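Below: one structure, written as C-alpha cells.
Here the structure is a predicted model, which means the values were calculated and not measured. We use all heavy atoms of the structure for the numbers below, so side chains are in, but hydrogens, waters and symmetry mates are not. Proteins get letters first, then strands, A, B, ... in listed order; numbering begins at 1 in each.
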Amino acid sequence: MEENLVIVESPAKAKTIEKFLGKDYLVKSSFGHIRDLAKKNLGIDINNSYKPEYIVSPDKKKVVDELKKLAKGAKVVWLASDEDREGEAISWHLYEVLGLKPEKTRRIVFHEITKDAILNAIKNPRFIDINLVNAQQARRVLDRLVGFELSPLLWKKIKPSLSAGRVQSVAVKLIVEREREINAFQVSSSFRVGAHFNIVEPKGKVSELLAELEKRITEVSSAKSLLEKLNGAEFRVADVTKKPGKKSPSPPFTTSTLQQEASRKLGFSVAQTMTIAQRLYEAGKITYMRTDSVNLSQTAILGSSSVIEALYGKDYVHTRNFVTKSKGAQEAHEAIRPTFMENSSIDGNSTEQRLYELIWKRTLASQMADAILEKTNIRVSNSNTPEIFVATGEVLKFDGFLKVYMESSDDENADEESKGLLPPLKVGDILDLRKMEAAEKFSLHPPRYTEASLVKKMEDLGIGRPSTYAPTISTIQQREYVIKEDRDGSTRISRIIVLSNKTIKESQKEENFGFEKSKLFPTDIGTVVNDFLEQYFKEILDYNFTATVEAEFDQIAEGNMIWSTMIDKFYKPFHLKVDDTDKTGERSKGERVLGTDAVSGKPVLVKIGRYGPVVQIGIATDEEKPRFASLQKGQSLETITMEEAMDLFKLPRKVGSFEDNDVVIGIGRFGPYVRHLSKFYSLKRGVDDPMTITLDRAIELIEGKRSDDKNKLIKSFAEDPEIQILNGRYGPYIAVGKSNFKIPKSKDPASLSYEECKAIIKAGPTKPSKKKK
DNA sequence: CAGTGAGCGAGCTTCCGCTTGACTT
C-alpha cells in the first residue's frame, strides 16, 4: 500500500505526475467533478438558506468507490485539483465524500506539469479554501436556479423541451441581435478611383504604380466629371515618405484562440478542434487544451528559444511573457503548447498533424523577434484638380516571427491589397497615366457569427469557460435556436467608369455578394424565445449580468460576502417575476399579420405553428379551417413579405403529365422536387425555379435520375438478389438489404465474386443504414 | 422522407462546469 494518494482531475495528468513523484506516491484522477446538485426538483432547499442537495453522479460511482478505498489505506491524501474556483470545489467534494480527516489531508496546486512545479507544490501544501468553495457553490446554485426556473416557463409559454440559461441565452441573443442589425442595414455605395501609371525605371525595367484617390465619391456624376477633368492632366509625384513599422507575434493559444484559428486556417468546427486536441493531449503531445492562460512555463520558453536558434539563428529569438487579459480568466493551466518544442511534427492522422503543427508554429512564433517593416507612401498631384492620389507600399526588412506564423483575420472582406515594393520614385517625377478606373463599391453589413467568432465574443464578454464553449455552441444548435448553414448570395450591378486612351467609357459589372459559408443564423423559435426572455427577464440577458455576479463571487471568495445572502438577493425578486410571468404572461408564437388576402378578404399572418413556422390565411372558427403553408428554409417570420407568403400557397402545382401520370412540383424537407408516380426527383439548386419550371425540364430531371440509378448498380448476383454492389456517394459499396459494407481498397469492386462479397459481409461490422428519429 | 396545423391530457423536458468514454456517422 502506497503511503501517499494524490488526486488530480484528469487521468492523463495523473500518468505524467506519477512519473515525477516516484514509487511512494499513487496518483489517481477524479475525472472532474464527482457530484452535482440532484436533478429532481431544484436540488436546492430554498427555505433552508439554499442548502444544496448533492448527489454522486451515477457515472462517477465507480471512481468514488475506488478513491474511497485507496484513501482509507493512505497515510496522506493530496488533493491536487486545479487552482481555481471549480478545482477548489472538486477538492472539497472529494474531502466530504471520501470522509477525509483534516490531519491526513493536504491541498496542493501547480500551474504547469513540470517536475519542479510538482515537487515545489508538495513542499508547500495548504488546506481547502472554503471561501473559494462557497464562491463555486454560489455560481452553481445561481445557474441551477436560473436554468430550472426559466426553462419550464418556456415549456409552458412557447413549447416543450426548450431551455434557457445564463450562458446559452446570451449566446442566442448575440445571434438574434446581429441578424436584426443585418436586416436593418442600409447599403450605400461609393466610387473608388484608381490610377494606374506606367513606370520606366532608370535601368529600363517597366512596372506599374497603382494610386488611389484619397477620398471616396458618392455620385456617379461626380465620378464621371472628375475623370473628365483629369483627362489629359499631368500627374506628378508630390511627396514620398518612408516610415518604419513593426509587427509582433500573437500570444500562444488558449482554448478560445485555438478554436478561432483552427476554424479560420483549417476549417474545423469548435467541437472538432476540441476532440482532436483531446487526442493530442492524451497522447502526451500537447499540454492541457482547456485553458484561458497565455502563460508558458520556463521549460517551454527555453525549449522554444533553442529550437528557434537552431532553425533560424540567434537573431530570431525574442522570448516574451504574455499577460492574460481576458475577463474572468482563472489561469489554472499553461497556454496550449507542444509538450516537446523540438518536435515540429508528429505521427497521427492528418487532422491531428495539422492541428499540432498549428500549435507548434504559434508557440514558436510567440518567442520570436518582431517583424520589421518599412512603409512607403507616395502622393501624386495633378495639374487639373487639387485631388491627390495615394499609393502605399510595405517592404519586409526583417521577417522575424512571420517566417513561421501569421494569424488570420475574421474579416473575410478585408481589402487584400497586396502591398508590395513600390517603384523608386522621387518628388517631382512626372507620371504616365495608362488608365484610370472609378469602380462602385458597396458598404458591407456587420458579419454573421461563425462558431469560432461567437466563442471569441463570449470570451470578450466573460461568458462561459474554456470547458463549455464547444458544448454551449452545440446546445444552442440542438435546441434549434440557431442553425449553422451556407446560404446562397445574390448578384448586383456595380458601375465602372474607365478613362484610357483619352476616352471615357462607362460600363457595368455583375458582382456576387452575400454568400455565407458555415454561419450562424437565428431560427424563428430562437428569435421568439429570445424576445420572450428579453421582455420578462431583461437583466439575465444583459451582457453585463455575468460580469456583475462574477464580481460578487469574487467577494465571496475573499470572505467579504456570505454566499447564501448573495443568492437570496438575486432569487427573491427573480422568483417573483417567474411566478408573475407564469400567471399573467401570454403564450408567445411570434405572430405577425402581413395583410389581407385579395381573393378571400381574410387576414394573412405568420406564426410558429405546431410543426414550425407557417403562413395562415384566415382565423380558425367552428365552421372554417384556415389554410396553412410552411415557411421554407431561409425564410423567417420577421422578414417574410406578403408576396413571398402568398407564393407558398402556389405549391405543390401540377405542370402536366408524363407516361400518363401527373407531374407535380413542390418543396419538401430536402428542397424543391418533382413528383411522379410517387417518386421524388430533386430540382437542381441555382438552376431550376419551382415556380417557373416547365414540363419538359421536369421530364429531363426524371430521365436523368433514372439513368443515374441504372449506373448505380455495378454488379448483382444470381445466387442472392439481396446482395448488390452499388456506386454510392462515397464510392462503391456492398448493400445487403438495409445494411452497407465497405469494400477494401485492395479489391476491384467490379470483379468481386459472390464468395468474396460474402466474406466481406461476414467480416465487416453491420451498421444500421439509417438512424430513425 | 417531402399531405399535417387540435388542446380529453400521462410523463418528460431544463442549467453551467469539471472530466472522459461509449456510442454512432
**Message:** I need the residues from residues 129-140 of chain A with at least one non-hydrogen atom less than 4.0 Å from DNA chain B; give them sorted by number, or say none.
**Reply:** Arg139(A), Arg140(A)
**Message:** Distance check needed: dC15(B) C1' versus Phe574(A) CZ, whole Å only.
**Reply:** 11 Å
**Request:** Check salt bridge (Lys or Arg N to Asp or Glu O under 4.0 Å) between Lys484(A) and all other residues, then give those that pass, not counting sequence neighbours.
**Result:** Glu451(A)
**Complete:** Residue pair Asn41(A)/Phe628(A) against DNA chain B: nearer the 5' end by closest nucleotide is Phe628(A)
**Item:** Any residue meeting side chain to side chain donor-acceptor pair (under 3.5 Å) with Glu53(A), in chain and number order, not counting sequence neighbours
**Value:** none
**Item:** Residues which pass salt bridge (Lys or Arg N to Asp or Glu O under 4.0 Å) with Asp129(A), listed by chain and number, not counting sequence neighbours
**Value:** none
**Asked** When you look at NZ of Lys15(A), are more than 12 heavy atoms from neighbouring residues, nucleotides or ligands closer to it than 6.0 Å?
**Response** no
**Request:** Take the protein atom CG of Leu631(A) and the nucleotide atom P of dG5(B), then report the distance between them rounded to whole Å.
**Result:** 17 Å
**Asked** dT20(B), dC18(B), dC15(B): which one has an atom nearest the side-chain heavy atoms of Arg290(A)?
**Response** dT20(B)
**Request:** Salt-bridge test for Asp688(A) and Arg697(A): reply yes if a basic N is under 4.0 Å from a carboxylate O, no otherwise.
**Result:** yes
**Prompt:** Any side-chain N or O of Ser163(A) under 4.0 Å from OP1/OP2 of dC15(B)?
**Reply:** yes
**Item:** Residues that Phe31(A) engages under ring-ring contact (aromatic ring centres under 6.0 Å, His included), provided they are two or more places apart
**Value:** none
**Message:** So, does Gln168(A) get its side chain near the phosphate of dC16(B), meaning an N or O under 4.0 Å from OP1 or OP2?
**Reply:** yes
**Request:** Quickly work out the Ile567(A) CD1 to dC15(B) C1' distance and round it to whole Å.
**Result:** 13 Å
**Prompt:** When you check the phosphate oxygens OP1 and OP2 of dC16(B), does a side-chain N or O of Arg465(A) lie under 4.0 Å from one of them?
**Reply:** no
**Message:** Looking only at side-chain N and O atoms, does Ser91(A) offer a donor or acceptor that is under 3.5 Å from a partner on Ser81(A)?
**Reply:** yes
**Interatomic distance where CD1 belongs to Ile540(A) and P belongs to dC16(B) [whole Å]** = 11 Å
**Message:** List the residues meeting side chain to side chain donor-acceptor pair (under 3.5 Å) with Glu88(A), not counting sequence neighbours, and say none if there are none.
**Reply:** Arg107(A), Arg126(A)
**Request:** Describe the nucleic acid contact of Val167(A) in one word from base, sugar-phosphate, nothing, applying a heavy-atom distance below 4.0 Å.
**Result:** sugar-phosphate
**Prompt:** With sequence neighbours left out, which residue pairs that include part of residues 539-553 of chain A fulfil the salt bridge (charged side-chain N to carboxylate O under 4.0 Å, His left out) condition?
**Reply:** Arg85(A)-Glu550(A)
**Request:** Whole angstrom is fine here: how far is it from CG in Leu79(A) over to C1' in dT19(B)?
**Result:** 16 Å
**Any residue meeting side chain to side chain donor-acceptor pair (under 3.5 Å) with Lys60(A), in chain and number order, not counting sequence neighbours** = none
**Fill in**
Arg479(A) meets the salt bridge (Lys or Arg N to Asp or Glu O under 4.0 Å) criterion, sequence neighbours left out, with none
Return the polar atom pairs (N/O with N/O) between nucleotides 11-13 of chain B and the protein under 3.5 Å, or none.
from	atom 1	to	atom 2	distance (Å)
dT13(B)	O2	Ser161(A)	N	2.4
dT13(B)	O2	Ser161(A)	OG	3.2

**Request:** Using whole Å, report how far CD of Gln478(A) lies from C1' of dT14(B).
**Result:** 13 Å
**Message:** Can you measure Lys705(A) atom NZ to dA2(B) atom C1' for me and round it to whole angstrom units?
**Reply:** 13 Å
**Message:** Both Pro672(A) and Pro613(A) contact DNA chain B. Which one's nearest nucleotide lies toward the 5' end?
**Reply:** Pro672(A)
**dT4(B) phosphate, OP1 or OP2, under 4.0 Å from Arg627(A) side-chain N/O** = no
**Asked** Starting at CG of Leu683(A) and ending at P of dA2(B), how long is that distance when rounded to a whole Å?
**Response** 18 Å
**Prompt:** Which residues pass the side chain to side chain donor-acceptor pair (under 3.5 Å) test with Glu86(A), sequence neighbours left out?
**Reply:** His33(A), Gln136(A), Arg139(A)
**Request:** Return no unless some side-chain N or O of Ser10(A) is found under 4.0 Å from OP1 or OP2 of dT20(B).
**Result:** yes
**Prompt:** Of all the base pairs, Watson-Crick or G-U under 3.5 Å, which form stems of three or more consecutive pairs involving DNA chain B?
**Reply:** none
**Item:** Under 5.5 Å and under 30°: Phe680(A) stacked on dA2(B)
**Value:** yes
**Asked** Using a cut-off of less than 4.0 Å, is there contact between a side-chain N or O of Lys625(A) and OP1 or OP2 of dG5(B)?
**Response** yes
